[in-house]
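Input: a single structure, listed below in structure tokens.
Throughout, residue positions are numbered sequentially from 1 according to the sequence presented.
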Amino acid sequence: MRHEHPIKILRYSAKNLWLLIFPLLRGLQLYPLHLVNPMEWLRGAWFDLLVAAMILGFGGLRWFFCSFAFQENCIRFQSGILMRHETEIPCANITVATEEHAFYLRPLRAVRVRIYTAAGQFPETDVQILMRKHDLLEMKHLIPLMRPISARPQQYRTNWLFLFLFSVLFSSSFSGAAYAAAVMIQGGRITRDLLTELQLEELFWDVTDQAAYYLNGIPLVIVALGVLIFASWCISFFANLLNYGNFSLHPGKQHVSIRAGLLTKRLHHIRSGTVNYTDIRQNLIMKLFHMMSVHINCPGYGSNRTVLPVLLPLLSRSQFQNVPKALIPYQIPQKQDPKTVSFRAPRIKSLWLYIWQPTLLLAGVCLLTLGLRILFPLFDRIIVPIGLMLLIPCAWLLIIRLISLFTTKIRWDDTAIYMQYSNGMTFHTILAKWEQLVQIELRQTPGQRRMGVCHITVFFNSRTPTRHTLRAMPLAAAQALLTQAQHRKHFESL
């Protein structure tokens with residue numbers, strides 16, 4: 001059995017050790033650096049140092065009782081001091097193996113390895129090991145999935161312009177705020193102390209005051225809100241740029257390797273045949289310029305919320321047509337094929353079913369803004385800009401729903417299912433084999449019953465259930481889809 005890298009001791013001790021670091025450092029700052037005062041500081045801080053040593057000792061004990069071993073057919077990981085816990089994963093069941101070469105671990109020749117399987121209902125890592133670099137090299141030599149692809153006739157690299165555009169198009173203030181919130185929650189008191197030491201709050205208000213000076217006439221509250229939204233978007237943008245910089249894809253016979261990352265370099269080994277479905281995503285701007293981003297649903301890939309399950313970050317429609325079958329083994333069913341069945345939403349009947357939500361949101365924001373202006377006329381300069389800021393995403397969603405009315409469709413043949421729909425601010429194109437279909441739900445209101453339409457929700461095989469909903473589809477489409485699914489199930493059971 002092997003032990004993890006000794007740096008893991010700090011990881012086991014970090015949550016408690018950081019509580020003492022800052023008081024010790026602040027106490028040290030009270031004394032000038034010469035030979036007498038450090039002794040006085042030691043006499044006052046001996047108890048904190050003793051507690052810190054005990055915390056480190058407990059972390060070292062946990063590290064000593066954690067061990068791992070790997071062979072050509074399985075990986076074993078043991079942990080626990082009093083109650084031992086052992087995990088054994090057959091290598092044939094591994095769907096994704098990820099290597100994370102973090103910038104702060106590379107000088108220590110340490111690497112974090114995550115092993116994923118299709119077991120379980122939650123997107124958690126089955127085994128996570130912080131190992132030495134030479135242990136990783138032996139592991140890659142033994143485990144077939146992690147062996148380097150020797151012959152690489154095709155490598156797909158995304159140029160920096162497309163990566164920049166990808167980071168811009170897939171960044172949002174909401175995701176940036178989620179990044180910041182995750183850091184605050186996971187870091188806890190450590191992060192709050194660091195923010196205090198760096199005086200980021202004072203910096204935020206200095207930037208806000210400078211912006212308000214140049215934007216004369218705009219209330220300070222509105223400027224502060226705009227600065228906060230822009231800062232959140234910048235966090236998301238730089239996070240995407242750091243996560244997907246130097247993106248390259250290397251297809252092999254047994255697996256596909258994906259390299260990405262600037263500071264933290266990640267290498268994902270994805271076993272061929274474990275992809276549940278392909279998800280082609282577009283926002284409104286990408287839709288207008290015929291650009292797309294190809295994502296995949298595979299147990300383990302993209303389980304980390306900060307990393308999207310990207311197969312090809314950004315490409316045009318013509319480039320997608322030239323993607324080889326090694327990456328997407330099933331092609332889109334062609335409408336001209338006599339075996340293909342195709343349905344789309346009736347455009348006139350379904351118009352209100354597509355636009356009622358953003359329309360009501362627009363009307364609600366307008367009425368709320370008007371009412372607040374009447375009730376609080378002194379705050380008119382604040383209410384109107386905030387109302388306009390709320391109107392923009394509502395109008396954006398209305399445009400997306402109108403385009404979705406003309407593009408929502410479902411198509412299938414004997415091998416694959418093809419779906420186009422929108423969810424929130426994103427257009428999705430799903431391509432999956434029939435074998436991955438696990439559930440079909442039909443929802444119909446009394447009004448939809450009179451119009452002869454219904455909502456079709458499809459679930460594919462996935463570690464985390466994801467709803468793929470086609471709005472206001474004709475009943476004939478639902479009946480044909482159910483008939484085909486039952487026929488496939490009966491045929492496979494024979």
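- Once rounded to the nearest 0.5 Å, the distance linking CG of Leu169 with CD of Gln282 reads 11.0 Å.
- Ring pair Phe164/Phe237: centre-to-centre distance below 6.0 Å.
- Put simply, the side chain of Thr117 never gets that close to the backbone of Asn93: no donor and acceptor are under 3.5 Å apart.
- Checked by atom type and distance alone, the side chain of His3 pairs as donor or acceptor with a backbone atom of Cys66 at under 3.5 Å.
- Atom CD1 of residue Ile9 and atom CH2 of residue Trp63 lie 5.5 Å apart, to the nearest 0.5 angstrom.
- Note: Gln420 CD to Ile410 CD1 = 11.5 Å, rounded to the nearest 0.5 Å.
- Atoms OG1 and OH, on Thr98 and Tyr116 in that order, are 5.0 Å from each other to the nearest 0.5 Å.
- Judged by distance alone, with hydrogens and angles left aside, the side-chain atoms of Asn297 form no donor-acceptor pair with the main-chain N or O of Tyr277 at under 3.5 Å.
- Counting heavy atoms of neighbouring residues, nucleotides and ligands inside a 6.0 Å radius, atom CZ of Arg106 exceeds 12 of them.
- Under 3.5 Å, the side chains of Arg266 and Asn243 contain a donor-acceptor pair of N or O atoms.
- Side-chain atoms of Leu242 and Thr264, non-hydrogen and from C-beta on, never get closer than 4.5 Å to each other.
- Residues Arg84 and Gln78 have side chains that bring a donor and an acceptor to within less than 3.5 angstrom of each other.
- Ion pairing between a basic and an acidic side chain is recognised when a charged N comes within 4.0 Å of a carboxylate O; Arg112 and Glu99 show no such pairing.
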Practice item. Evaluate the criterion side chain to side chain donor-acceptor pair (under 3.5 Å) for residue pair Arg132 and His5; output intermediate values, then yes/no. Key: CA-CA 5 Å; Arg132 299 173 177 85; His5 196 284; 5.5 Å; no
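- More than 12 heavy atoms of other residues, nucleotides or ligands sit less than 6.0 Å from atom CD of Gln439.
- Lys287 is listed as a side-chain neighbour of Thr407, based on a closest heavy-atom distance under 4.5 Å.
- Here the two rings, on His468 and Phe460, have centers that are under 6.0 Å apart.
- At a cut-off of 3.5 Å, with distance as the only test, a side-chain donor of Ser248 or His250 sits close to an acceptor on the other residue.
- Looking at heavy atoms from C-beta onward, Gln486 lies out of side-chain contact with Ile440 at the 4.5 angstrom threshold.
- In this structure, the separation between CG on Leu262 and CZ on Phe103 is 12.0 Å, given to the nearest 0.5 Å.
- Here Phe77 and His85 keep their ring centres 6.0 angstrom or further from each other.
- From Leu241, atom CG reaches atom SG of Cys234 across 12.0 Å, with rounding to the nearest 0.5 Å.
- Checked by atom type and distance alone, the side chain of Tyr301 pairs as donor or acceptor with a backbone atom of Val310 at under 3.5 Å.
- Counting heavy atoms from C-beta outward, Ser422 and Ile400 have side chains that approach closer than 4.5 Å.
- Around the CZ atom of Arg317, the shell of radius 6.0 Å holds no more than 12 heavy atoms that belong to other residues, nucleotides or ligands.
- Using a 4.5 Å cut-off on side-chain heavy atoms (C-beta onward), Ile270 and Ile296 make contact.
- With hydrogens and angles disregarded, a donor-acceptor distance shorter than 3.5 Å links the side chain of Arg147 to the backbone of His141.
- Across every non-hydrogen atom of Gln484 and Trp412, the tightest pair is CG-NE1, 3.7 Å.
- In summary, Glu138 and Lys133 do not engage in a salt bridge, as defined by a charged side-chain N under 4.0 Å from a carboxylate O.
- Ile81 places a side-chain heavy atom less than 4.5 Å from the side chain of Phe58.
- A salt bridge between Arg76 and Glu86 is present, with a side-chain N of the basic residue lying under 4.0 Å from a carboxylate O of the acidic one.
- Side-chain atoms of Asn423 and His428 include no donor-acceptor pair closer than 3.5 Å.
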Practice item. Could you check Thr408 against Ser404 for side chain to side chain donor-acceptor pair (under 3.5 Å), going step by step and ending with a plain yes or no? Key: CA-CA 5 Å; Thr408 298; Ser404 182; 2.9 Å; yes
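- The nearest pair of heavy atoms linking Met1 to Ala69 is SD-CB, 3.5 Å.
- Although no hydrogens or angles enter the test, the distance criterion places no donor-acceptor pair under 3.5 Å between the side chain of Ser236 and the main chain of Trp233.
- Formation of a donor-acceptor pair under 3.5 Å by the Asn461 side chain with backbone atoms of Asn276 is not found in this model.
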